[in-house]
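In the text below, chain A, chain B and the rest are named by the order of the sequence lines, each starting its count at 1.
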Protein chains: 2
Amino acid sequence: METPWFVPPSDFLGRLSGSTRDALYALGHRIAYRKGDAVFQPGSPGDNVYILTQGRIKIFALSPVGRTVILWFCFPGEIFGLAEMARAGRREVASEACADSEALVIPQFRFKEFLQRDGEAAMLVVDLLSCRLRGLADMLLNLTSDDVTTRLVKLLIRLSARYGKPVSDAETLLDISLTHQEIADMIGTTRQSASTALNALKRQGLLSVKKHCIHIQNGKMLEDLVTNPVTAAAQTSAGSSLQIVRPF
Amino acid sequence: METPWFVPPSDFLGRLSGSTRDALYALGHRIAYRKGDAVFQPGSPGDNVYILTQGRIKIFALSPVGRTVILWFCFPGEIFGLAEMARAGRREVASEACADSEALVIPQFRFKEFLQRDGEAAMLVVDLLSCRLRGLADMLLNLTSDDVTTRLVKLLIRLSARYGKPVSDAETLLDISLTHQEIADMIGTTRQSASTALNALKRQGLLSVKKHCIHIQNGKMLEDLVTNPVTAAAQTSAGSSLQIVRPF
DNA sequence: TTTGGTCTGTCATCTGGGCGACAGTGCAGA
DNA sequence: TCTGCACTGTCGCCCAGATGACAGACCAAA
């Protein structure tokens with residue numbers, strides 16, 4: 001596909017040269033987090049930049065009403081907590097360890113100096129932010145124009161494109177453990193609706209779930225569901241009499 | 001207010017030094033656009049960066065279903081078309097002149113060189129992208145947790161904070177001409193719903209509209225509507241028997 | 001092995017707002 | 001001055017999905 005409809009992620013650390021990376025590592029110190037720990041919270045000073053070395057953390061926004069919107073995940077090697085760096089403002093989003101994790105914590109001013117010296121690295125940061133920007137624009141579009149099922153399918157495709165381990169031809173294992181609540185928070189719906197939509201896909205034989213990890217059985221068909229919904233619906237209803245996915 | 005709930009914008013050109021600005025201007029050439037012209041479209045090569053010198057342009061995403069999501073506006077002095085710069089990919093969003101406009105068009109590779117040389121400017125770009133990132137995160141949050149009226153009110157506050165001309169104490173004039181369709185596209189709803197919500201606010205005496213420009217009559221009360229909805233609803237219903245804005 | 005907490009699955013109910021429809025307004029160009 | 005097109009205002013219908021409720025599954029710690 002020439003232009004994938006989902007936004008490919010940007011890999012920051014992986015694109016730094018070895019020596020640059022070492023220089024960067026020398027600027028900070030390591031901190032460990034237990035599952036569920038907050039790395040930073042809205043309102044806390046944004047005076048550090050983080051590079052995840054182990055585990056997984058999620059970046060999310062909280063509404064006063066109590067709703068959570070998961071903006072993105074960070075995996076080892078990825079950098080986060082950047083947005084407040086430039087102007088050293090307060091955090092407006094929250095971050096929490098999804099598993100026991102460890103991060104390299106770099107004081108904001110040092111990282112800034114580092115970037116000013118190394119134009120190459122600065123461009124990578126620009127690239128990274130651009131990617132995330134597009135990612136959010138994409139979410140926004142999904143949210144306003146797709147129904148829950150479609151949003152869920154697109155999420156799965158996006159996740160598997162980035163984090164999936166191919167098992168066989170069409171099968172992919174997403175070995176990141178997600179609760180239904182988290183899935184819901186990623187596509188802007190409720191736990192119940194996410195649960196229902198997920199089970200509908202399960203019943204169609206498109207995926208299975210074991211130990212909170214999603215196993216995509218038929219990636220091709222899953223993609224058809226969003227790129228060409230009409231024929232996809234026809235296909236699935238041919239196999240089973242279930243007609244859960246709307247024709248358009 | 002210590003931490004405004006809306007995201008303040010970042011001013012790129014205004015924060016460059018005079019000489020740097022001149023250097024930047026020397027890198028590109030000017031192009032004029034008529035109202036309604038597309039500056040770039042999804043799929044077109046992202047090989048330029050733009051600095052608006054006159055007029056106003058909007059950046060928006062288009063869904064295959066035909067829905068439009070306006071991501072942000074650019075005003076004179078602002079830079080846009082950045083996101084595809086770093087990796088020189090294809091455009092994923094569209095931009096269109098809202099009025100007759102003129103922009104300085106800089107080839108992507110030149111701007112990149114410029115940034116690599118000037119660490120200061122690079123940091124401003126990082127800052128700019130961070131701001132937009134937060135802006136989109138905010139929209140995402142609004143979209144999932146607020147109803148149409150609240151989204152509209154928040155939009156108005158945000159716009160007036162940035163582009164409003166204070167007329168008197170509580171009165172502000174937003175002299176950017178917006179159609180109901182555009183308003184709808186900014187808050188992820190339909191033209192009809194935006195129209196209805198806007199008229200409800202009009203009837204409450206909070207604003208008036210002349211020549212497609214919104215005149216905010218009572219900014220304070222408008223803000224109360226979203227920061228403390230319960231009392232605000234009580235206030236308004238005391239004056240008129242209309243009870244359009246939901247209590248919470 | 002029990003217990004408590006978190007997560008899942010699935011209802012029945014209610015409603016915000018999407019959608020189509022259509023009449024009215026007003027500007028811009030002939 | 002006329003004509004057409006783009007925009008506005010409002011209604012009624014209808015449904016996707018939010019909400020609340022509750023029973024069962026699973027797991028980790030005691």
Side-chain angles (χ1 to χ4, degrees), chain A residues 34-36 63 65-69 96 98-100 142-153 176-204 207-214 229 242-248, chain B residues 34-36 63 65-69 96 98-100 142-153 176-204 207-214 229 242-248:
Chain A
R34 325 222 75 214
K35 175 175 178 172
S63 88
V65 199
R67 233 176 224 291
T68 298
V69 178
E96 185 184 302
C98 300
D100 292 353
N142 289 172
L143 209 51
T144 48
S145 55
D146 299 328
D147 63 17
V148 168
T149 305
T150 310
R151 278 172 2 230
L152 174 60
V153 172
I176 53 183
S177 140
L178 295 169
T179 67
H180 289 185
Q181 184 63 61
E182 284 178 312
I183 293 175
D185 291 343
M186 280 188 276
I187 58 177
T189 184
T190 57
R191 196 219 93 223
Q192 291 93 319
S193 299
S195 196
T196 307
L198 198 63
N199 285 321
L201 295 177
K202 242 194 260 180
R203 263 181 234 113
Q204 288 174 289
L207 55 83
S208 63
V209 178
K210 45 183 94 123
K211 286 275 294 170
H212 287 200
C213 291
I214 293 171
L242 288 168
Q243 179 71 19
I244 289 113
V245 178
R246 306 171 316 102
F248 48 86
Chain B
R34 327 220 74 215
K35 176 175 175 170
S63 89
V65 200
R67 234 174 224 291
T68 298
V69 178
E96 185 185 303
C98 301
D100 291 354
N142 290 171
L143 210 49
T144 48
S145 57
D146 298 328
D147 63 19
V148 168
T149 305
T150 310
R151 288 188 333 247
L152 174 60
V153 172
I176 54 183
S177 140
L178 295 170
T179 67
H180 288 186
Q181 185 63 61
E182 283 179 312
I183 293 175
D185 291 344
M186 280 189 276
I187 59 176
T189 183
T190 57
R191 196 219 93 221
Q192 291 95 316
S193 300
S195 197
T196 308
L198 199 61
N199 285 319
L201 295 177
K202 244 194 256 179
R203 264 182 232 113
Q204 289 175 289
L207 54 83
S208 63
V209 178
K210 45 182 94 124
K211 288 274 292 169
H212 287 200
C213 290
I214 293 171
L242 290 166
Q243 179 70 18
I244 290 115
V245 177
R246 306 171 318 100
F248 49 86

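Taking CG from A:D185 and OG1 from A:T190, the interatomic distance works out to 10.0 Å, rounded to the nearest 0.5 Å. Atom SG of B:C98 sits about 8.0 Å away from atom CG of B:L178, to the nearest 0.5 Å.
Listed by chain and number, the residues in a side-chain hydrogen bond (donor to acceptor under 3.5 Å, both in side chains) with A:S195 are A:H180 (sequence neighbours excluded). In this structure A:T189 satisfies the side chain to side chain contact (heavy atoms under 4.5 Å, CB included) test together with A:V148, A:R151, A:A184, A:I187, A:S193, A:A194, sequence neighbours excluded. Considering only residues two or more places apart in sequence or on other chains, A:K202 meets the side chain to side chain contact (heavy atoms under 4.5 Å, CB included) condition with A:N199, A:L207, A:V209. Contacts of B:S63 classified as side-chain hydrogen bond (donor to acceptor under 3.5 Å, both in side chains), with partners at least two apart in sequence or in another chain: none. Looking at residues two or more places apart in sequence or on another chain, you find a side chain to side chain contact (heavy atoms under 4.5 Å, CB included) between B:T179 and B:Q181, B:E182, B:H212. B:K211 pairs by the side-chain hydrogen bond (donor to acceptor under 3.5 Å, both in side chains) definition with nothing, not counting sequence neighbours.
Each end of the helix from C:dT1-D:dA30 to C:dA30-D:dT1 gets its own axis, taken as the rotation carrying the C1' atoms of four end pairs onto the next four within a five-pair window, and the two axes meet at 50° to the nearest 10 degrees.
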Start with the C-alpha gap between A:D100 and A:K35, add the side-chain angles, then the distance that decides, and say whether salt bridge (charged side-chain N to carboxylate O under 4.0 Å, His left out) holds. CA-CA 5 Å; A:D100 292 353; A:K35 175 175 178 172; over 6 Å; no

Could you walk me through whether A:L152 and A:M186 pass side-chain contact (heavy atoms from CB on, under 4.5 Å), step by step? CA-CA 9 Å; A:L152 174 60; A:M186 280 188 276; over 6 Å; no

Please tabulate the protein-to-nucleotide N/O contacts below 3.5 Å involving nucleotides 23-30 of chain D, giving atom names and distances.
none

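One atom, CG of B:D147, and another, P of D:dG17, lie 18 Å apart when rounded to the nearest Å. Rounded to an integer number of Å, the gap from A:L143 CG to D:dG17 C1' is 13 Å. In this structure, the NZ atom of A:K210 is 17 Å from the P atom of C:dT8, given to the nearest Å. A:I214 has its CD1 atom 14 Å from the C1' atom of C:dC7, to the nearest Å. Note: CZ (B:R151) to P (C:dG16) measures 13 Å, nearest angstrom.
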Using a 4.0 Å cut-off on protein heavy atoms (strictly under), produce a 5'-to-3' string for nucleotides 7-14 of chain D with B for base contact, S for backbone-only sugar-phosphate contact, and - for none. SBBB----

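Between A:V153 and A:T150, the closest side-chain pair of non-hydrogen atoms is not below 4.5 Å.
The shortest distance between the side-chain N/O atoms of B:T190 and the OP1/OP2 oxygens of C:dG18 is below 4.0 Å.
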